[in-house]
Amino acid sequence: YRPYAFYHFTLNQLIDEGVITKEQALEYDIFAVLRNPIDRAKSFYYFYRKWKAHGTDASIEQYRQWTNNGIFEDPNSGIVQTDLLKLGNKPIGRFWLYEDLERELSNFMFNRRLRIDHPLPRHKTDTRQVRTDEIVFEERDIEELKQTFGPDFDLYNELKS
């Protein structure tokens, strides 16, 4: 292991770093979580706002100043989610929608006859507890996000329907 600026790793990075082998990746039942790309971008914005401009009013203008096609200065924000489960250039495994995580994990555990004796821990900061007064993306903001995260939009819409 060596230090990274990432908190999320692609399957290829896990193999490159020796965490798992290519053979294990092909043998294991693997999955990743796919978040709505618009919600993900807003979440990053509110997360960064805590550190970069605490106490200021949220605004779409501030979001635009801090991003380039939806990517903040942190490399983690530029990860295309659909790249998480690529082995080489080939997608493997399956994606669970973020909003279905608890149900998917419960089913996963149940199907393997593994007991869940306690509620799943919540690791989100809940900086966006009240979502009625959030920034609103205009069409230009969504189109910029699609330039970078187009495959995420496509897969999200496919899994949602």
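Every heavy atom of this structure was used, including side-chain atoms; hydrogens, water molecules and symmetry mates were not.
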Mind checking ring-ring contact (aromatic ring centres under 6.0 Å, His included) for Tyr28 and listing every partner two or more places apart, or none if nothing turns up?
none
Test salt bridge (charged side-chain N to carboxylate O under 4.0 Å, His left out) applied to Asp154 - qualifying residues, sequence neighbours left out
none
Would you compute the distance between atom CG of Leu87 and atom CD1 of Ile30 and round it to the nearest 0.5 angstrom?
7.5 Å
Considering residues at least two apart in sequence or located in another chain, which fulfil the salt bridge (charged side-chain N to carboxylate O under 4.0 Å, His left out) criterion with Asp29?
Arg94, Arg112
Side chains of Tyr45 and Gln62: donor-acceptor distance under 3.5 Å anywhere?
yes
Taking C-beta and beyond as the side chain, do Asn12 and Lys86 meet within less than 4.5 Å on heavy atoms?
yes
Enter the distance from Asn111:CG to Ser106:OG here, rounded to the nearest 0.5 Å.
10.5 Å
Establish, for the pair Arg40 and Phe149, whether the NZ or CZ atom is under 6.0 angstrom from the six-membered ring centre and no further than 45 degrees off its axis.
yes
side-chain contact (heavy atoms from CB on, under 4.5 Å), that's the test. Do Asp141 and Val136 meet it? Break it down for me.
CA-CA 9 Å; Asp141 305 301; Val136 176; over 6 Å; no
Ile15 vs Thr21, test: side-chain contact (heavy atoms from CB on, under 4.5 Å). Steps then yes/no.
CA-CA 5 Å; Ile15 292 168; Thr21 65; over 6 Å; no
Would you mind checking if Lys22 and Glu27 are paired as a salt bridge, meaning a charged N to carboxylate O distance below 4.0 Å?
no
Once salt bridge (charged side-chain N to carboxylate O under 4.0 Å, His left out) is applied, do any residues pair with Lys160, and if so which ones, sequence neighbours excluded?
Glu99
Worked verdict on Lys42 versus Asp39 for salt bridge (charged side-chain N to carboxylate O under 4.0 Å, His left out):
CA-CA 5 Å; Lys42 286 183 180 184; Asp39 189 58; over 6 Å; no
Answer yes or no: is there a donor N or O on one side and an acceptor on the other, between the side chain of Thr148 and the main chain of Gly70, under 3.5 Å?
no
What is the distance from atom CG of Asn36 to atom OH of Tyr156, rounded to the nearest 0.5 Å?
4.0 Å
Heavy-atom distance under 4.5 Å between the side chains of Ile71 and Ser77, does that happen here?
yes
Are Asn69 and Leu145 close enough, and set up right, to give a side-chain contact (heavy atoms from CB on, under 4.5 Å), and what steps lead you there?
CA-CA 5 Å; Asn69 289 341; Leu145 282 169; over 6 Å; no
Applying side-chain hydrogen bond (donor to acceptor under 3.5 Å, both in side chains) to Asp152 and Thr82, what does each step give before you reach the verdict?
CA-CA 6 Å; Asp152 293 350; Thr82 51; 3.2 Å; yes
Ring centroid separation Tyr63 to Phe137 under 6.0 Å:
yes
Residues in ring-ring contact (aromatic ring centres under 6.0 Å, His included) contact with Phe108, at least two apart in sequence or another chain:
Phe31, Trp96
Expected output: side-chain Gln81 to main-chain Arg35 donor-acceptor under 3.5 Å
yes
The criterion is salt bridge (charged side-chain N to carboxylate O under 4.0 Å, His left out); which residues satisfy it with Arg115, sequence neighbours excluded?
Asp117
Please round to the nearest 0.5 Å and tell me the distance separating atom CD1 of Ile38 and atom CD1 of Ile142.
4.0 Å
Could you tell me the separation between the CZ atom of Phe72 and the NZ atom of Lys52, rounded to the nearest 0.5 Å?
8.0 Å
Looking at side-chain heavy atoms only, is the closest gap between Leu34 and Tyr98 below 4.5 Å?
no
Is the closest basic N to carboxylate O distance between Glu138 and Arg64 below 4.0 Å?
yes
Check the orientation of Phe44 and Tyr48. Use parallel for under 30°, tilted for 30 to 60°, and perpendicular for over 60°.
parallel
Within a strict 4.5 Å, meaning less than it, do heavy atoms of the Arg49 and His54 side chains meet?
no
Show your reasoning for whether side-chain contact (heavy atoms from CB on, under 4.5 Å) applies to Leu155 and Phe95.
CA-CA 9 Å; Leu155 183 59; Phe95 282 91; 3.4 Å; yes
